[in-house]
Amino acid sequence: MKARVIITLKSGVLDPQGQAIEGALKGLGFGGVEGARQGKVIDLTLAETDADAARATIAAMCDKLLANTVIENYTIDILG
Amino acid sequence: MRSAVVVFPGSNRERDAIRALTSITGEAPAVVWHQDSTLPDVDLIVLPGGFSYGDYLRCGAIAARSPAMQDVARKAAAGVRVLGVCNGFQILTEAGLLPGVLMRNAHLRFICKEVKLKVANPDTDFTRAYGTEQIIRCPVAHHDGNFFADAETLARIEGEGRVAFRYAEGTNPNGSINDIAGVLNDRGNVLGMMPHPENLIEALHGGLDGRGVFESVVKSLAA
């Protein structure tokens, strides 16, 4: 089973890398950019075949390692 | 005083830590590889600076889950003093032994320079050799030293006097909230700090201001 974990900074947490991206986009002439936030994508391949079980396992992985929940949120997409 | 230095793949300040500990305690520290699941019985464990695991995933995240860190957590819970410098500080926050997190510097640049630190609490096992509000010199060298904690955690840290060092007024080099440069756990036996006291301990370094961190631990053990 394949799954995708998307990790994003919580709202309110300063994201200087996102700000730098926003500045660079404006520098290239892209008008109307009102914000940019940078995150991470982690694609997992699991032996598990049950989607609910996989989701529970991945949530534990996120809490223990993949995300730092002090500053980050995560979402889990089961890709099948 | 017996001490140990934990070395991770990508650590690069372990020799500085070993030299400082040997100079100040009079005894060479045990050097422990991150795969070792048991550390020797010591009074102080130092997690040195560097780029453990290439800063993959997040700074300190992988190192924090290593076998050696499991034993560091057990020993910290038993009251052993633990000092994490720079990457060592990042590892301690990732391991949950210290509150908060160290984010990318606010201006996004790697900084390598000397800063001034204010001793925010001189009544700790790591600062008692210094005076109240004493200003000391200390080098910094990092890309991810921007300390952050949520409002509730920050209020608790501040209320309990757990900020050991702050960047002196107007010199915050990385955007850390409340100018925090070094923070303690609730029990006061674990300190993480971004600046490198081990790099200002002998005349050839140009100053001795960093010795007090290690001398404080020696004093605390004698007390």
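Reminder, nothing fancy here: chain letters follow the sequence lines and each chain counts from 1. Heavy atoms only: backbone and side chains are in, while hydrogens, waters and symmetry mates are out.
- In terms of heavy atoms, L57(B) sits closest to L66(A) at CD1-O, 3.9 Å.
- In terms of heavy atoms, A106(B) sits closest to P16(A) at O-CB, 3.5 Å.
- For a residue to count as touching a neighbouring chain, one of its non-hydrogen atoms must lie under 4.5 Å from one of that chain's; by this rule I42(A) touches chain B with the side chain only.
- Residues of residues 24-36 of chain A lying within less than 4.5 angstrom of chain B, judged on heavy atoms, are absent.
- Listed by chain and number, the residues in a side chain to side chain contact (heavy atoms under 4.5 Å, CB included) with A54(A) are M1(A), L46(A), E48(A), I78(A) (sequence neighbours excluded).
- Here L14(A) contributes atom CG and F148(B) contributes atom CZ; the two are 9.0 Å apart, rounded to the nearest 0.5 Å.
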Would you enumerate the inter-chain donor-acceptor pairs between chain A and chain B whose distance is below 3.5 Å?
from: K40(A); atom 1: NZ; to: L57(B); atom 2: O; distance (Å): 2.9
from: K64(A); atom 1: O; to: R65(B); atom 2: NE; distance (Å): 2.9
from: K64(A); atom 1: O; to: R65(B); atom 2: NH2; distance (Å): 2.6
from: L65(A); atom 1: O; to: R58(B); atom 2: NH1; distance (Å): 3.1
from: L65(A); atom 1: O; to: R58(B); atom 2: NH2; distance (Å): 2.8
from: L66(A); atom 1: O; to: R58(B); atom 2: NH1; distance (Å): 2.9
from: N68(A); atom 1: ND2; to: E94(B); atom 2: OE2; distance (Å): 3.3

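- Checked against side chain to side chain donor-acceptor pair (under 3.5 Å), T45(A) has the following partners two or more places apart in sequence or in another chain: K2(A).
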